[in-house]
Q: 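The structure is given below, and queries will be raised subsequently.
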4 protein chains.
Amino acid sequence: MSSTDGGRPRRKRADAQRNVDALIEAAKAVFTTTGVDAPAKEITDRAGVGIGTLYRHFPLRSDLVTAVLQHEIDACAEAGPVLQAEFEPTEALMRWVARFTEFVATKRGLAAALHSGDPAFDGLPGYFNDRLEPVVASLLGAAAGTGTLRKDVAARDLLHAVALLCQPVPGEGPAYNQRMVAVFVDGLRRRS
Amino acid sequence: MSSTDGGRPRRKRADAQRNVDALIEAAKAVFTTTGVDAPAKEITDRAGVGIGTLYRHFPLRSDLVTAVLQHEIDACAEAGPVLQAEFEPTEALMRWVARFTEFVATKRGLAAALHSGDPAFDGLPGYFNDRLEPVVASLLGAAAGTGTLRKDVAARDLLHAVALLCQPVPGEGPAYNQRMVAVFVDGLRRRS
Amino acid sequence: MSSTDGGRPRRKRADAQRNVDALIEAAKAVFTTTGVDAPAKEITDRAGVGIGTLYRHFPLRSDLVTAVLQHEIDACAEAGPVLQAEFEPTEALMRWVARFTEFVATKRGLAAALHSGDPAFDGLPGYFNDRLEPVVASLLGAAAGTGTLRKDVAARDLLHAVALLCQPVPGEGPAYNQRMVAVFVDGLRRRS
Amino acid sequence: MSSTDGGRPRRKRADAQRNVDALIEAAKAVFTTTGVDAPAKEITDRAGVGIGTLYRHFPLRSDLVTAVLQHEIDACAEAGPVLQAEFEPTEALMRWVARFTEFVATKRGLAAALHSGDPAFDGLPGYFNDRLEPVVASLLGAAAGTGTLRKDVAARDLLHAVALLCQPVPGEGPAYNQRMVAVFVDGLRRRS
DNA sequence: GATGAATGAGTTTTCATTCAT
DNA sequence: CATGAATGAAAACTCATTCAT
């Protein structure tokens with residue numbers, strides 16, 4: 001969290017950080033491939049570290065899951081404003097949707113873990129909402145035209161609907177998700 | 001023996017069928033509760049049969065998964081026409097969506113299994129499409145008004161989009177899914 | 001044992017016997033293929049009967065093993081005199097060795113079962129000796145020439161030595177066993 | 001890491017090696033006692049390690065079987081020259097036969113596994129031949145006298161014949177096998 | 001701090017045996 | 001008598017987690 005962390009920077013910190021990063025990167029990939037229940041060994045092998053190292057940095061599996069998700073959520077949230085600044089509204093939305101689709105694909109099975117009742121995940125939905133709600137609201141608002149979003153659909157509703165529509169579909173690619181989100185946006189414009 | 005199977009189809013088969021049914025029922029419930037990776041014992045205990053019985057009828061876990069999904073798909077498909085006959089288009093759609101939402105909730109994690117690459121599931125997506133595509137097309141078509149569905153969205157696209165929008169969302173219930181599908185349907189009407 | 005079996009021949013007896021024969025035949029084949037520990041199902045499937053039928057006729061696995069072995073021992077024993085009557089000594093011996101080799105191949109792993117300590121098999125070694133000892137003694141004696149068998153090698157020793165030399169050898173066929181038995185017979189002739 | 005393996009070969013390896021040795025030792029004993037299909041637990045208990053350790057070092061049962069057999073083959077092969085140096089030909093042969101008999105007894109049922117068609121064992125017969133063929137040839141040659149071995153019996157034939165004659169026989173001990181091998185050697189001498 | 005060997009509980013899977021039809 | 005479904009004990013195997021080096 002705090003990047004400054006106060007006092008002495010305690011040598012060797014670089015190596016440790018390198019391992020942590022490698023583990024998160026590896027976990028992201030393995031979660032996508034094999035699912036959240038992937039053997040820990042598969043992750044450490046891919047990260048090139050020993051199993052003990054995983055447990056040092058992430059004593060609980062939920063710690064690793066949380067780290068991966070926050071990492072991903074941050075990346076997605078940050079992409080929103082950047083795209084909006086660079087492209088016109090519709091194009092920005094479409095590109096962000098593509099980006100978000102990749103993120104959701106990562107979650108393959110993470111949702112189940114999230115709602116498993118494990119209190120370790122209690123904070124994540126909030127983090128997800130807080131970070132992404134404004135981003136989606138802004139993107140959709142701009143794309144819908146002059147702020148004519150239906151009043152009966154809250155920004156958080158949008159976030160989740162888009163999250164669903166971004167989920168990967170067997171025979172389809174990101175283009176499919178983009179089209180469906182576009183239809184959904186059309187729906188938002190309609191009516192008073 | 002008898003290929004025509006004329007007279008009695010080999011008595012006692014009734015018991016076996018009872019067990020098969022109980023297992024599918026139990027598996028459906030356990031899959032929802034614990035996920036597709038639930039211990040086999042949990043399923044057999046709930047079905048009130050021995051573990052061996054599970055393996056007799058479903059030697060591979062994928063056999064059981066397949067059976068449960070086909071069962072569910074069938075039930076959903078059959079509900080479509082019934083609702084359409086009984087209610088006016090919008091109401092029928094909403095009720096079916098609610099029904100479909102339950103089905104999708106059952107799949108909690110089944111999707112991951114489906115796309116696991118196991119060839120045992122190769123046939124299921126086809127089954128899913130074949131059974132449900134016409135149902136969804138019909139329901140949405142009726143709800144959209146006088147056949148004014150966008151021409152650039154195929155019936156199968158609809159099916160999958162609805163499937164996504166029916167996925168359970170953490171803090172929300174079926175009503176949420178219904179509202180989002182409604183928005184989506186509005187999007188379909190636009191640009192007649 | 002007793003083929004007459006006294007009183008009424010009890011109808012349907014033919015079917016039962018057919019099943020018993022089929023089971024012994026199937027068991028012989030499966031024991032050779034898969035070993036004595038082959039699943040019972042494999043035997044009944046090959047025999048074309050239900051599993052229950054196996055247990056009716058052979059309540060214990062040792063019953064089946066015993067039946068198969070006696071069957072085989074009988075066949076081998078009976079072949080001896082026949083061959084001796086039909087061929088000259090050396091030729092008769094070689095043909096019988098070939099025959100015996102097949103029998104031994106059947107036993108793939110039966111020996112282990114035999115010496116497993118199960119009292120059910122207590123009678124078999126005796127049966128084996130009683131039936132085959134005279135046959136081997138006669139064949140070897142004739143082949144060795146004018147009764148010049150070494151006095152320090154008993155007939156039973158011969159039986160077992162031949163039994164060993166008839167065991168199948170990976171890259172070799174029955175011809176190999178015949179050659180080795182021939183060498184052994186030569187050894188018998190030598191010395192006073 | 002270090003391909004030359006110069007300095008310390010990664011400490012702690014000692015413990016692992018100790019476990020591997022204990023497992024091979026235990027497996028040898030258990031295979032003799034209970035057969036190759038003995039429960040893994042029986043082996044690990046005797047070795048004093050956990051079941052997981054067995055699977056770490058020998059993921060497949062065939063790996064363990066192979067290790068045990070190579071171990072045994074090596075020991076037998078090494079005994080040959082030693083005995084030949086210490087005793088006169090006939091005595092050396094007899095002692096080696098006794099040694100070999102013990103080895104074969106160990107295999108109780110291993111042979112069946114070997115010929116099970118499992119490709120994991122493909123290399124073993126070759127190993128067996130390569131290691132033992134010269135040993136047997138040398139021992140028999142010396143025992144047969146001045147190189148008067150029949151020309152129509154190859155060294156490998158001898159190896160297998162002796163292997164068969166060394167197999168344990170129900171009511172007999174190693175002395176029996178020695179006598180029969182002696183007869184066989186006599187047969188070799190004949191027809192110089 | 002890092003490593004990976006060891007552990008053993010938890011699951012899957014097989015099969016002999018029983019027994020209702 | 002024959003059948004094959006049901007059972008469940010026993011064995012195999014996996015993998016999270018600990019801990020000595």
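This structure is a prediction, so every number in the text was calculated from the model and none was measured. Proteins get letters first, then strands, A, B, ... in listed order; numbering begins at 1 in each. Every heavy atom of this structure was used, including side-chain atoms; hydrogens, water molecules and symmetry mates were not.
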Q: For Asp118(A), give me all partners under side-chain hydrogen bond (donor to acceptor under 3.5 Å, both in side chains), at least two apart in sequence or on another chain.
A: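 side-chain hydrogen bond (donor to acceptor under 3.5 Å, both in side chains) list for Asp118(A), sorted by chain: empty.
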Q: Tell me whether His57(D) at atom NE2 has more than 12 heavy atoms from other residues, nucleotides or ligands lying less than 6.0 Å away.
A: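 Yes, because the 6.0 Å sphere around NE2 of His57(D) holds more than 12 heavy atoms from other groups.
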Q: Could you tell me which non-hydrogen atom of Ala22(D) sits nearest to which non-hydrogen atom of Ala47(D), and how far apart they are?
A: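 Closest approach of Ala22(D) to Ala47(D): O-CB, 3.7 Å.
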Q: I would like to know whether Phe58(C) and Thr53(C) meet side chain to side chain contact (heavy atoms under 4.5 Å, CB included); could you show each step before the answer?
A: CA-CA 8 Å; Phe58(C) 305 97; Thr53(C) 305; over 6 Å; no
Q: Near DNA chain E, under 4.0 Å by heavy atom, which residues of residues 41-67 of chain B?
A: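 Hits under 4.0 Å, by residue number: Ile51(B), Tyr55(B), Arg61(B).
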Q: Backbone N or O of Lys28(D) within a donor-acceptor pair of the Thr32(D) side chain at under 3.5 Å?
A: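 Side chain of Thr32(D) to backbone of Lys28(D), a donor-acceptor pair under 3.5 Å: yes, one is there.
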Q: Among residues 19-29 of chain A, which contact DNA chain E at a heavy-atom distance under 4.0 Å?
A: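 Correct list: Asn19(A).
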Q: List for me each residue that meets side-chain hydrogen bond (donor to acceptor under 3.5 Å, both in side chains) alongside Glu42(C), sequence neighbours excluded, and say none if there are none.
A: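 Counting only residues at least two positions away or on another chain, Glu42(C) forms a side-chain hydrogen bond (donor to acceptor under 3.5 Å, both in side chains) with Thr34(C).
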Q: Ignoring hydrogens and geometry beyond distance, is a side-chain donor-acceptor pair present between Asp21(B) and Gln17(B) at under 3.5 Å?
A: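 Asp21(B) vs Gln17(B): donor-acceptor pair found between side chains.
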Q: Throw together a table of side-chain donor-acceptor distances under 3.5 angstrom for residues 59-66 of chain C, partners on residues two or more places apart or in other chains.
A:
residue: Arg61(C); atom: NH1; partner: Val36(C); partner atom: O; Å: 2.6
residue: Arg61(C); atom: NH1; partner: Ala38(C); partner atom: O; Å: 3.1
residue: Arg61(C); atom: NH2; partner: Ala38(C); partner atom: O; Å: 3.1
residue: Asp63(C); atom: OD2; partner: Leu60(C); partner atom: N; Å: 3.0
residue: Thr66(C); atom: OG1; partner: Ser62(C); partner atom: O; Å: 2.7

Q: Looking at the side chain of Ala16(D), which of dA6(E), dT12(E), dA12(F) is the nearest nucleotide?
A: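 Closest of the options to the side chain of Ala16(D): dA6(E).
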Q: How would DNA chain F look in dot-bracket form, 5' to 3', counting Watson-Crick and G-U wobble pairs with both distances under 3.5 Å and writing | for bases paired to another strand?
A: .||||||||||||||||||||
Q: Select from Ala38(D) and Ala38(A) the residue whose nearest nucleotide in DNA chain F is closer to the 5' end of that strand.
A: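 The 5'-side residue here is Ala38(D).
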Q: How close or far is atom C1' of dG1(E) from atom CZ of Arg18(A), stated in whole angstroms?
A: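 After rounding, the gap between these two atoms is 13 Å.
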Q: How many Å lie between CG on Asp15(D) and P on dA6(E), as a whole number?
A: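 Interatomic distance, CG of Asp15(D) to P of dA6(E): 7 Å.
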